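Take a look at the structure set out below.
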Amino acid sequence: MASPEEDLPIDIYYNRLLDWLVDRKWVKKDWQKHTPAVRDLVTAAIMDMPDNETITALLARSYINYFHCTMIVEVLKSTEADSKTFFGSYSSQRMKDWQEVVRCYEQDNLYLGECANLLQHNVNYEIPALKRTVQRCQMKIKDADRKEVEYTAHGAQQRERFQQLCKDMKIEGKDVKKELSKLPKELPSIYQEAAEAMTSTQFKAALEYYTAFVAFILDGSDKQAEHSEAACALLKFIVANGNVTVHQFRTGEVVEPLSDPEDAPEEDAAIGGDAIDFGDDGGIDVGDDGGIDFGGDGGADIDFGDGDGIDFGEGAAIDFGDGTAGEGAIDFGDGGGIDFGDGDAEEDGAIEVAPPAEINRRLLLADSETRNLVVDQLRELLGFLAERLEESQAAVDVTSINQFFGAPNIIQMQSAESVSAMHDAVTVVDSLLTNSRTQQLVLMASSPRFVDRLVKSMNQRLELAAKMEKKVGELKAQRESAKEEIATTNPKLEAMVAQTKELQAKVELAIGKLYKARKVNIIGEINTL
């Protein structure tokens, strides 16, 4: 009768299985030395095999172990039955080869050491490697999906931004540089629209309001009239005369404006014209002693008399040599004056005098200097109206009532609505001259390099969008490649797990036979595959 201990199962941790067999002397420590010889026999036996589906399926395995060899022997018993002798042996060389393989495996339980080592290798390395391959491919697919969404959105955003820039610049975007080069021709119409907006009733009222306010604030000052007239003087001029030339604004002289307002006249920095000739030698004769020779015996000193100040006497005059000067006059010699000579202005040593300044025929709003001045005065006017609007909307108290006591009616009679209307009218003009489109048009007109940079910036958005679309295509290819790899790896993983489970069961039975058919359990991660 079996003892109670013999009925208990034997639990062996899979990673300690080989050590367990060696410790209990079921497998020799040097079992690996004998394995190559057996593997050579298996390789030789495989070279001569019958055409059988079962054998073909077994040989398709990645590794032929002892249990596969026993299965092959069982199949050969049917295929090689005609070679069986009277004594139960087989004359077939195939059978003899495979029986020899099985015998070598069973000697010293060599097959148990190989199978235990194979189990550990599959569980620790082969199966985890296949799982990592699947996981890596799944991560590639996930990342590709995420990046595809990002790249698609980014590419669409760049194209949308390009279209928005084209819309803002009012171009089609087919030939960006050519279309942008034509845009500065719109500036004259923008300036004309701004000049016409300045003639509106509310804009004029704003200027009158501001002028009256400045005059009221400076009431009693000796510069009241000067400052009130100077307040937004350029805006007042444009309201009265329109967008005329800079020269007309500065001198009052009407001149024909440039045919192309964006072509600035070149300023001549050279000084030319007729020069003053101080004599044949080109300079003033200072005499031998280094001073100016005024004639007489006094040398270089001027005698102004005995007094502390300059005494010109009763008939003091400069004597130019005509005999009209009195005593004490400065005598320049017999020449009676400064000799300018008869030479022309091109003689050596002559001093050139600048000609009259060039006439600036640019329109006031087309000239950068006067346009900036217009913008400054518009901002000044807007600031004033914004402050007045805030005050008019604030709570009324005694201070605010008495603040403008005695002021002109144009100041006292303003309401929040009227000030707001004036503020809106001024804002319209300011927006026409300072919005981003107008600023870009001005830069395009004045700087071809700015046009090149703008074209490059806009084209870069299209290039970036195309780059994103290319990346999306690459991601799709990577995703398809990862899916194909998963489709290839999953069957391998499933087959490896199945083979490992099958080998586990056979090893458990084989070890159980060593212990009188006791139940053996190989435990650990091998059971969670």
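Just so it is clear, the model here is predicted, and its values are computed rather than measured.
For Arg379, the salt bridge (Lys or Arg N to Asp or Glu O under 4.0 Å) partners two or more places apart in sequence, or in a different chain, are Asp430. Not counting sequence neighbours, the partners of Glu196 by the side chain to side chain donor-acceptor pair (under 3.5 Å) test are Gln192. Every residue was checked against the salt bridge (Lys or Arg N to Asp or Glu O under 4.0 Å) condition with Glu484, not counting sequence neighbours, and none meets it. For the side chain to side chain donor-acceptor pair (under 3.5 Å) test, residues two or more places apart in sequence or in another chain that qualify with Arg159 are Glu469. With sequence neighbours excluded, the residues forming a ring pair (Phe, Tyr, Trp, His ring centres under 6.0 Å) with Tyr209 are Phe384, listed by chain and number. Applying the side chain to side chain donor-acceptor pair (under 3.5 Å) criterion to Gln164, with sequence neighbours excluded, gives Asp168. For Trp31, there are no ring pair (Phe, Tyr, Trp, His ring centres under 6.0 Å) partners at least two apart in sequence or on another chain. For Tyr66, the ring pair (Phe, Tyr, Trp, His ring centres under 6.0 Å) partners two or more places apart in sequence, or in a different chain, are Tyr105, Tyr111. Considering only residues two or more places apart in sequence or on other chains, Lys174 meets the salt bridge (Lys or Arg N to Asp or Glu O under 4.0 Å) condition with Glu172. Not a single salt bridge (Lys or Arg N to Asp or Glu O under 4.0 Å) links Arg161 to another residue, sequence neighbours left out.
Screening residues 125-168 for ring-ring contact (aromatic ring centres under 6.0 Å, His included) gives His121-Tyr125 as the qualifying pairs, with residues at least two apart or on separate chains.
A salt bridge links Glu502 with Lys506; the closest basic N to acidic carboxylate O contact falls under 4.0 Å. A salt bridge is defined here as a Lys NZ or Arg NE, NH1 or NH2 lying under 4.0 Å from an Asp or Glu carboxylate O, and Asp452 with Arg449 fails to meet this definition. In summary, Lys147 and Glu150 do not engage in a salt bridge, as defined by a charged side-chain N under 4.0 Å from a carboxylate O. The pair Glu179-Lys170 fails the salt-bridge criterion, with no side-chain N (NZ, NE, NH1 or NH2) lying under 4.0 Å from an Asp/Glu carboxylate O. Salt-bridge formation is not detected for the pair Glu474/Lys471: no Lys NZ or Arg NE/NH1/NH2 atom is positioned less than 4.0 Å from an Asp or Glu carboxylate oxygen. We find that Lys467 and Glu463 are not joined by a salt bridge, their nearest charged nitrogen and carboxylate oxygen being 4.0 Å or further apart.
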Enumerate donor-acceptor pairs with a distance under 3.5 Å from any side-chain N or O in residues 520-529 to protein atoms, sequence neighbours excluded.
{"unit_1": "Asn521", "atom_1": "ND2", "unit_2": "Asp11", "atom_2": "OD1", "d": "3.0"}
{"unit_1": "Glu525", "atom_1": "OE1", "unit_2": "Tyr13", "atom_2": "OH", "d": "2.8"}
{"unit_1": "Asn527", "atom_1": "OD1", "unit_2": "Gln504", "atom_2": "NE2", "d": "3.0"}
{"unit_1": "Asn527", "atom_1": "ND2", "unit_2": "Ile522", "atom_2": "O", "d": "3.2"}
{"unit_1": "Thr528", "atom_1": "OG1", "unit_2": "Glu525", "atom_2": "O", "d": "2.9"}

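The CH2 atom of Trp98 sits 10.5 Å away from the CG atom of Asp48 when rounded to the nearest 0.5 Å.
Judged by distance alone, with hydrogens and angles left aside, the side-chain atoms of Asn122 form no donor-acceptor pair with the main-chain N or O of Thr500 at under 3.5 Å. Side-chain atoms of Asp97 do not come within 3.5 Å of backbone N or O of Ala45 as any donor-acceptor pair. Here the side chain of Arg371 pairs a donor or acceptor atom with the backbone of Leu365 at under 3.5 angstrom. Side-chain atoms of Arg518 come within 3.5 Å of backbone atoms of Leu8 as a donor-acceptor pair (strictly under, hydrogens ignored). Under a 3.5 Å cut-off, the side chain of Ser420 and the backbone N or O of Ala416 do not form any donor-acceptor pair.
Using modelled atom types and a 3.5 Å distance limit, the side chains of Thr211 and Lys236 yield a donor-acceptor pair. Side-chain contact annotation: Glu126 with Tyr63, donor-acceptor N/O pair under 3.5 Å absent. In this structure, a donor-acceptor pair under 3.5 Å is absent between the side chains of Thr427 and Asp424. Remark: the Thr489 side chain and the Glu485 side chain contain no N/O donor-acceptor pair separated by less than 3.5 Å.
The aromatic rings of Tyr515 and Trp20 sit tilted, their planes meeting at an angle between 30° and 60°.
Summarising the geometry of Glu148 relative to Leu475, their closest heavy-atom pair is N-CD1, 3.5 Å, with the distance given to 0.1 Å.
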